[in-house]
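Every chain is numbered from 1 and lettered A, B, ... according to where its sequence line falls, protein lines coming before strand lines.
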There are 2 protein chains.
Amino acid sequence: MIKILIVEDEKAILDLIKINLQRVGYQCECANNGKEGADLLAENDYDLVLLDIMLPHINGYELLEYIEPLGIPVIFVTAKGSIKDRVKGLHMGADDYLVKPFSIDELIARVESVLRRYHKGMKVIHVLDIEIDTQTRQVKQNNQIISLTNKEYDLLLYLVQNRNTALYREVLYEKVWEEEWDESRTLDLHIQRLRKKLNWHHEIKTIFKVGYMLEEHV
Amino acid sequence: MIKILIVEDEKAILDLIKINLQRVGYQCECANNGKEGADLLAENDYDLVLLDIMLPHINGYELLEYIEPLGIPVIFVTAKGSIKDRVKGLHMGADDYLVKPFSIDELIARVESVLRRYHKGMKVIHVLDIEIDTQTRQVKQNNQIISLTNKEYDLLLYLVQNRNTALYREVLYEKVWEEEWDESRTLDLHIQRLRKKLNWHHEIKTIFKVGYMLEEHV
DNA sequence: AAAAGTTGTATCAAAATTGTATCATCATCC
DNA sequence: GGATGATGATACAATTTTGATACAACTTTT
């Protein structure tokens with residue numbers, strides 16, 4: 001379970017962030033000012049801090065100095081377009097910033113991006129007859145470790161995270177390889193290798209003229 | 001089946017939204033004011049609420065407070081870019097907003113985006129005796145999977161999304177094949193294949209010298 | 001530097017889709 | 001009611017897509 005600390009004095013924004021992060025599966029704790037934030041940080045482990053700059057008592061910068069040595073990523077929440085703040089925050093070690101007003105999509109995207117960067121992905125994912133440990137990138141089947149290469153693992157993870165969805169070749173390729181699809185057969189080959197290693201000849205369905213889909217009957 | 005509640009007092013906009021959402025396969029119910037909306041919400045389950053802010057009696061914000069604890073996503077419909085409203089809405093928990101005047105494409109895109117975010121888009125369209133899962137591109141009839149080819153699926157989806165409308169050959173061909181119609185019989189052949197696979201010999205009507213129409217008596 | 005492992009290209013085989021040709025049937029208009 | 005053109009049905013051929021295998025280029029490890 002991923003724990004996020006939100007330090008924000010505006011109740012409306014605090015709730016907006018909290019509700020939406022909880023909705024997509026994060027555990028949230030809240031502090032209304034810098035002091036509370038520092039206290040919570042002293043007592044608990046968090047995977048990420050969302051930090052407003054304008055806070056009563058202790059301001060965001062001061063708190064940031066306190067957080068930094070803990071090695072916890074921080075996303076700054078700044079009032080509308082104060083570029084000075086953004087720059088200062090980034091210089092001081094914030095990992096990203098969010099400018100009010102922001103959209104829910106943007107909030108979630110930034111949180112996920114930072115977490116991904118810190119490799120604090122979720123826990124263990126169970127799908128069909130395998131389990132994937134996203135921390136160690138290990139894949140087990142019947143308690144036996146299946147050794148996958150990097151690309152194979154990335155591809156598997158994407159398939160798993162989007163199981164029961166028809167995935168277009170281009171999308172799949174672009175997400176895993178992070179470059180444009182150039183009509184090459186690379187993706188097909190990797191799919192075959194996955195199928196072979198996991199004995200998933202039927203589980204990974206090919207959708208003719210479209211792409212592939214990992215099927216998990218629910 | 002996905003159910004959407006539309007709360008909007010302007011008849012024209014209400015119809016515009018309703019007709020277009022129904023066209024792409026959502027079930028819609030409507031309320032002309034906040035009171036009606038609250039009543040419907042009390043009695044039914046919805047997957048999404050489209051909520052106008054300016055409503056007689058109970059305004060959008062008040063209704064939003066009522067909806068929030070239900071955990072149903074809300075898209076705000078606001079008059080011209082009043083940023084204040086947008087911000088307020090987002091702060092209060094709306095998931096997205098739509099600024100009048102909006103395009104149909106935008107409407108559908110936002111609806112789908114929010115639904116996807118909430119329950120990873122179980123967008124299933126029910127028509128006659130089949131159900132189409134647009135996520136997996138699977139078509140079921142009496143709970144049996146009907147295997148369709150790519151072109152067949154695309155054609156079926158277009159027919160379904162435009163059911164009860166006479167579709168000209170050229171239009172149909174150009175939409176599905178994405179190229180000019182060249183007087184070939186290809187379309188006819190695919191129509192026949194669909195009719196056969198789905199046993200839809202009467203449901204897909206041919207309109208002499210014009211084209212085809214999927215008929216769903218309502 | 002050699003070995004081992006990874007990743008992508010090339011090639012051929014197999015499979016599925018798609019479209020053409022043909023003839024039969026049907027609808028419409030004189 | 002017959003002529004004419006449009007559509008339905010069927011078979012089959014052409015094309016495209018995917019699977020399988022081998023191997024070459026490249027990286028990392030030893």
Side-chain angles (χ1 to χ4, degrees), chain A residues 132 136-139 144-159 166-215, chain B residues 136-139 145-159 166-215:
Chain A
I132 305 173
T136 60
R137 296 173 65 96
Q138 263 192 0
V139 177
Q144 275 201 320
I145 293 174
I146 304 291
S147 119
L148 296 183
T149 70
N150 265 321
K151 277 271 164 1
E152 286 166 358
Y153 177 86
D154 291 343
L155 176 58
L156 174 63
L157 194 62
Y158 192 79
L159 285 172
L167 298 167
Y168 286 86
R169 258 200 174 56
E170 309 99 69
V171 177
L172 205 41
Y173 188 85
E174 277 161 30
K175 293 289 182 183
V176 175
W177 273 260
E178 291 182 323
E179 58 184 62
E180 290 261 315
W181 184 49
D182 56 345
E183 306 269 309
S184 79
R185 303 289 310 282
T186 307
L187 173 61
D188 303 54
L189 189 54
H190 280 261
I191 289 282
Q192 292 172 51
R193 285 172 176 157
L194 265 186
R195 284 209 258 237
K196 207 166 189 175
K197 284 196 179 181
L198 299 172
N199 250 59
W200 277 8
H201 296 275
H202 296 292
E203 287 79 356
I204 300 177
K205 258 179 83 171
T206 102
I207 303 170
F208 205 87
K209 292 218 31 148
V210 174
Y212 298 94
M213 172 169 86
L214 175 58
E215 209 172 25
Chain B
T136 59
R137 299 175 64 96
Q138 268 188 359
V139 177
I145 293 174
I146 305 291
S147 124
L148 297 183
T149 70
N150 197 36
K151 277 268 161 12
E152 286 166 359
Y153 177 86
D154 291 344
L155 176 58
L156 174 63
L157 195 62
Y158 192 79
L159 286 172
L167 297 165
Y168 286 87
R169 256 199 177 55
E170 309 100 68
V171 177
L172 205 40
Y173 189 86
E174 277 161 29
K175 292 289 183 183
V176 175
W177 272 260
E178 290 181 325
E179 58 183 60
E180 290 262 316
W181 184 49
D182 57 344
E183 305 270 310
S184 78
R185 304 287 310 282
T186 307
L187 172 62
D188 303 55
L189 189 54
H190 280 263
I191 289 282
Q192 292 171 51
R193 284 172 177 157
L194 265 186
R195 283 209 259 238
K196 202 167 190 175
K197 284 195 180 181
L198 299 172
N199 251 60
W200 275 9
H201 296 276
H202 298 290
E203 287 80 355
I204 300 177
K205 263 179 80 170
T206 101
I207 303 168
F208 203 83
K209 293 220 27 143
V210 174
Y212 298 94
M213 172 168 88
L214 174 58
E215 211 172 25

Can you tell me if [X] touches the phosphate of [N], counting only side-chain N or O atoms and a distance under 4.0 Å to OP1 or OP2?
| X | N | answer |
| --- | --- | --- |
| B:Lys209 | D:dA6 | yes |
| B:His190 | C:dT18 | no |
| A:Lys151 | C:dT7 | no |
| B:Lys196 | D:dT10 | yes |
| A:Tyr212 | D:dG19 | yes |

- Query: In terms of heavy-atom contacts, does NE2 of B:His202 have more than 12 from other residues, nucleotides or ligands at under 6.0 Å?
  - Reply: no

- Message: Could you check whether atom CD of B:Glu180 has more than 12 heavy atoms from other residues, nucleotides or ligands sitting under 6.0 Å from it?
- Response: no

Please give, in whole Å, the distance from [N] [atom2] to [X] [atom1]?
| X | N | atom1 | atom2 | answer |
| --- | --- | --- | --- | --- |
| A:Leu187 | C:dT9 | CG | P | 12 Å |
| A:Ile204 | D:dT18 | CD1 | P | 15 Å |
| A:Leu172 | D:dT17 | CG | C1' | 16 Å |
| B:Leu155 | C:dG19 | CG | C1' | 15 Å |
| B:Asn199 | D:dG8 | CG | P | 16 Å |
| B:Gln192 | C:dC26 | CD | P | 13 Å |
| B:Ile207 | D:dT7 | CD1 | C1' | 13 Å |
| A:Asp188 | C:dT11 | CG | C1' | 14 Å |

Between [options], spot the one nearest the side chain of [X], thanks.
| X | options | value |
| --- | --- | --- |
| B:Ser184 | C:dT7, C:dT20, D:dG8 | C:dT20 |
| A:Arg193 | D:dG19, C:dT7, C:dT17 | C:dT7 |
| A:Trp177 | C:dT9, D:dT17, C:dG8 | C:dG8 |
| B:Thr186 | D:dT7, D:dG19, C:dT20 | C:dT20 |
| A:Phe208 | C:dG19, D:dT16, D:dG19 | D:dT16 |
| A:Thr149 | D:dA11, C:dT7, D:dT17 | C:dT7 |

- Message: A side-chain contact here means heavy atoms from C-beta on lying under 4.5 Å apart; do B:Leu194 and B:Leu148 qualify?
- Response: yes

- Query: Can you check whether A:Leu157 reaches A:Val176 side chain to side chain, under 4.5 Å on heavy atoms?
  - Reply: no

- Task: Assign the ring pair B:His190 / B:Trp177 to parallel, tilted or perpendicular, where the plane angle (0 to 90°) is split at 30° and 60°.
- Result: perpendicular

- For B:Arg185, report the nucleic acid contact type (base, sugar-phosphate, nothing); a contact means any heavy atom under 4.0 Å. base

- Tell me what B:Leu189 touches on the nucleic acid: a base, only sugar-phosphate, or nothing, going by heavy atoms under 4.0 Å. base

- Is the closest basic N to carboxylate O distance between A:Asp188 and A:Arg169 below 4.0 Å? yes

